[in-house]
Amino acid sequence: MTDSSTAGAAHARRDEDILVITLDHPPVNALSADVRRGLADAIQAAQTDPDVRAILLVGAGKNFIAGADIREFGKPPKPPALPDVCNQIEASTKPVVAALHGAALGGGLEVALAAHYRLALASAKLGLPEVNLGLLPGAGGTQRTPRLIGAAAALDLMLSGKHLSADAALRAGLVDTLAEGNDPLTAGLAYTRQLLAEDAGPRRSRDATAALADKAAALAEAAAAGERIAKTLRGLYSPEKIVDAVRAAIEQPFDEGLRTERALFLQCLDSPQRAGLVHAFFAERETAKVPELKEGKARALNKIGVVGGGTMGAGIAVSVLDAGLPVVMVEQDDAALERGRARVAQVYDLLVKKGRITQEERDARLARLTGATTYDALNDADLIIEAVFEDMDVKLAVFAELDRVAKPGAVLATNTSYLDVNRVATATRHPGNVLGLHFFSPANIMKLLEIVVGEQTAPDTVATGFELARKLRKTPVRAGVCDGFIGNRILAVHRQAADMMMEDGASPYDIDAAVREFGYPMGPYQMADLAGGDIGWATRKRRAATRDPALRYVQIPDRLCERGWFGQKTGRGFYLYPDGARVGTPDPEVLAIIDDERRRAGVTPRPFTHEDIQRRYLAAMINEAANVLDQGIALRPSDVDVVFLSGYGFPRHHGGPMHYADSVGLDRVLADIRAYAQEDPAFWKPSPLLVRLAESGRNFASLNQAA
Ligand code: 3H9
């Protein structure tokens, strides 16, 4: 191979009569301005080079191209624009081949679609995931994809953001051929030579007509997609624009369609939803950057112990088994152990029934689960997760046993949602080995894992917690010790704000509707009914003795619990669930109980608009989140965002409570809190951090940069 040019992030070398352009911009070859410039220059030079007969595009490292450089969004654009580069590739008078491996996503796939021929290795995953960032494929993707694979398949790809395997991409018609091996260069050169031997010339996606030949059918497919998103992607901006762009692909000539796509792309780029979703993308990748990982290395993780086979213990066991690790489950007697094992089996049986795993996979996973009724069975576990009853004395007794049996260096984790991890650690001789691993229910599904670092937790224990999260494909967030850590501590406060509004005049149904309108999948009272009111009731009783008497206490939820109305599982809670219904209906008796409570508390009900409800609910959340940050319980504002996005259903397009607060302005949030404080100064105490930031014209994002 001879070097003909080297241009930074995209370098070109000649292999006989083939110009190989390698995109080389670690870690994922995102299409930054340098890459685009290098690619455009190399394509242009090849046009007039008499020694070049064909062009091959490959990615260096593990991926072809992961897409446009997301870090450039929202900044002043730098030329050349990606759509222009794609057009230039497509216009090449010499055939251009793209050899895909690893990620060929977003703008990366659009580059490949602008090429004339596409080959995929087995490692390739192809997709147009722009929708997850509040965007649409804006480099010709909305125009070329339907021309290649039809409107319905293109819409499915773009609206779901899913990744296709090489096989699936071949079946769909996105690639022309598959190749063996791991080296895109070798496979790409062989394919390009074959094409040259066949005298294959440029073949442009813009000219493909067959897939959209039946215009009426294609428009009907676009209309059906539009109806689907109105139901399933409620309130999201870019899906509708994607459908509009595909309509343009069907109805307009290619160049006009590209102009339509560009206009729609720019609208998405400017939308607050894009800013929220891009924030969420980077926030999720920041959480694993914690100081302890610089100081300590993860210990080996070959065998995991789980104490307790209840809902949480079984869910945690499934999550660990799914990751390919063996689990020893310990319960107090044979019957409890059998129930725990049955819970695990039940999860897998359902997955088999739904066709998500095969019977063999189920059996293999269950075969990795062993059980015991004595703690000694945990003596070779590398990490033991306690998931027993949420009671300090019970936890202390368990940890004393774990301390007795665990091998030296084993990490001991408590899956408490509220309790003091420092106190739990006192039951052992090695508090450095102890940390909290707060899973969310159902533990095998929910992504969030709060990693609770105690005063004495050693850095390598923390690193081991993060390594477990990586193996379990969880989103880990570091939390300090306090009642409820990051998520539940903040939740308690904004739920209290909701309860106060309920007593003051809003019905639980109004509150739920307002919270859903903000974008949550369900409101706090639907959530309470789903989780079971008894859990919160037990916590309230536990806290009764230490409750600040100056703080208002709304008794409505207790009145329901006293009647045994714990939500869905008892057929009624805030809502009625007749005959095992999963969606509740409003209950006039609940409204009557609320009226009684208002009278008892001497409250004259007043109206609340949905906006009033949303502002109070969010102000309470943001204020307590600021306290959590100020006290060092969360490392950075974006970590709080991730907790709420991945654990509590906060609408992703708002980016999380901290990002949302920045987007409306901290001065407005503070002004709201100060106004509410006129009614109830004990509850609405502005967080000192919020005051400092708002009064100095700063925002939460400025703390992310500092973290
Ligand atoms: C687009 O293409 C728009 C066009 O249609 C139109 C334009 C006109 N840019 O996830 P990882 C970073 S929109 C910049 O941990 P993995 C990431 O932040 C784009 N940076 O690795 C991280 O940085 P750090 C459509 C990016 O192996 C590092 O790379 N494309 C980008 O688990 C490693 O990432 C997408 O939406 C990017 N595009 O997963 C694909 N991608 O180390 C987005 C990654 O500093 N990317 N980074 O924290 C992904 O889905 C995954 O990153 C990928 C690798 C599957 C590629």
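Both backbone and side-chain heavy atoms feed into the values below; hydrogens, waters and symmetry mates do not. Every number for a ligand or one of its atoms is a count from 1 in the order of the listing. None of these values were measured; they are calculated from a predicted model.
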(message) Would F281 count as being in polar contact with ligand 1, using the rule that some N or O on each side must be under 3.5 angstrom apart?
(response) no

(request) Answer yes or no for G141: is there a heavy-atom contact with ligand 1 below 4.0 Å? (result) no

(message) With the threshold set strictly below 4.0 angstrom, can you tell me whether any protein non-hydrogen atom sits that near atom 32 (O) of ligand 1?
(response) no

(request) Would you mind running through ligand 1 and noting each atom that sits below 4.0 Å from a heavy atom of P129? (result) 30 (N), 35 (C), 36 (O)

(request) May I ask you to test the R144-C86 pair for a side-chain heavy-atom distance under 4.5 Å? (result) yes

(request) Of all the heavy-atom pairs spanning T142 and E261, show the shortest one and how long it is. (result) OG1-OE2, 2.6 Å

(message) Run the side-chain contact (heavy atoms from CB on, under 4.5 Å) test against A230 and tell me which residues pass, sequence neighbours left out.
(response) none

(message) If you scan the protein for heavy atoms around atom 27 (O) of ligand 1, do you find one that is closer than 4.0 Å?
(response) no

(request) Return yes when at least one protein heavy atom is under 4.0 Å from atom 47 (N) of ligand 1, and no when none is. (result) yes

(request) Identify, for atom 14 (C) of ligand 1, the protein heavy atom at the shortest distance, and state residue, atom and that distance. (result) D69 OD1, 3.3 Å

(message) Just to confirm my output: which protein heavy-atom neighbour is closest to atom 38 (N) of ligand 1, and how far is it?
(response) A68 O, 2.9 Å

(request) Any chance you could measure L448, atom CG, to H438, atom NE2, to the nearest 0.5 Å? (result) 8.0 Å

(message) Against D641, only a single residue in H279, H659, R636 fulfils side-chain hydrogen bond (donor to acceptor under 3.5 Å, both in side chains); can you say which?
(response) H279

(request) Walk me through it: do D41 and R37 pass the test salt bridge (Lys or Arg N to Asp or Glu O under 4.0 Å)? (result) CA-CA 6 Å; D41 288 351; R37 166 63 54 214; 3.4 Å; yes

(request) May I ask you to list the atoms of ligand 1 that are less than 4.0 angstrom from any heavy atom of F282? (result) 18 (O)

(message) I need the atoms of ligand 1 closer than 4.0 Å to a non-hydrogen atom of G106, numbered in the order shown.
(response) 2 (O), 25 (C)

(message) Minimum distance, heavy atoms only, to atom 15 (O) of ligand 1: which one of K289, K125, R285, R274 is it?
(response) R285

(message) Would you say that V411 contacts D382 through its side chain, given a criterion of any heavy-atom pair below 4.5 Å between the two side chains?
(response) no

(message) For atom 41 (N) of ligand 1, what's the nearest protein heavy-atom neighbour? Residue, atom name and distance, please.
(response) V28 CG2, 3.6 Å

(request) Could you check atom 6 (C) of ligand 1 against the protein and tell me its nearest heavy-atom contact, residue, atom and distance included? (result) G138 N, 3.5 Å

(message) If you apply the rule salt bridge (Lys or Arg N to Asp or Glu O under 4.0 Å), what do you find for D460 with R299, and how did you get there?
(response) CA-CA 7 Å; D460 55 346; R299 301 180 195 164; 3.2 Å; yes

(message) Could you check whether any side-chain heavy atom of I486 comes within less than 4.5 Å of a side-chain heavy atom of V477, counting everything from C-beta outward?
(response) yes

(request) Examine distances only and state if a side-chain atom of S319 and a backbone atom of G315 form a donor-acceptor pair shorter than 3.5 Å. (result) no

(message) Does ligand 1 come near enough to P137 that some N or O of the ligand is less than 3.5 Å from an N or O of the residue?
(response) no

(message) How far is atom 8 (C) of ligand 1 from the closest protein heavy atom, and which atom is that?
(response) F265 CZ, 3.7 Å

(request) Determine, counting only non-hydrogen atoms of the protein, whether one lies under 4.0 angstrom from atom 21 (O) of ligand 1. (result) no

(message) If you measure every N or O of E286 against every N or O of ligand 1, does any of those distances drop under 3.5 Å?
(response) no

(message) Nearest 0.5 Å, please: how far is NE2 in H25 from CG in N63?
(response) 12.5 Å

(message) Residue-level breakdown please: for A30 versus ligand 1, do any non-hydrogen atoms fall below 4.0 Å on the side chain, on the backbone, on both, or on neither?
(response) side chain

(request) Give the atoms of ligand 1, by number and element, whose distance to some non-hydrogen atom of P27 is under 4.0 Å. (result) 28 (C), 29 (O)

(message) Is the contact between I70 and ligand 1 made by the side chain, the backbone, both, or neither, using heavy atoms and a 4.0 Å cut-off?
(response) both

(message) Please compare H25, E110, R71 and report which has the shortest non-hydrogen distance to atom 45 (O) of ligand 1.
(response) R71

(request) Counting heavy atoms only, name the option from G67, A66, C268, A288 that's nearest to atom 40 (C) of ligand 1. (result) A66

(message) Below 3.5 Å, N or O to N or O, backbone or side chain included: is there any such pair between L133 and ligand 1?
(response) no

(message) So that I can tick it off, tell me whether R368 and D322 are bridged by a salt bridge, with the cut-off set at under 4.0 angstrom between side-chain N and carboxylate O.
(response) no

(message) Are any of the N/O atoms on L105, whether in the backbone or the side chain, positioned under 3.5 angstrom from an N/O atom of ligand 1?
(response) no

(request) Check whether NZ of the Lys or CZ of the Arg R285 lies under 6.0 Å from the centre of the six-membered ring of F281 and within 45 degrees of that ring's axis. (result) yes

(message) Using only atom types and a distance under 3.5 Å, with no angle test, would you say the side chain of S92 pairs donor to acceptor with the backbone of P95?
(response) no

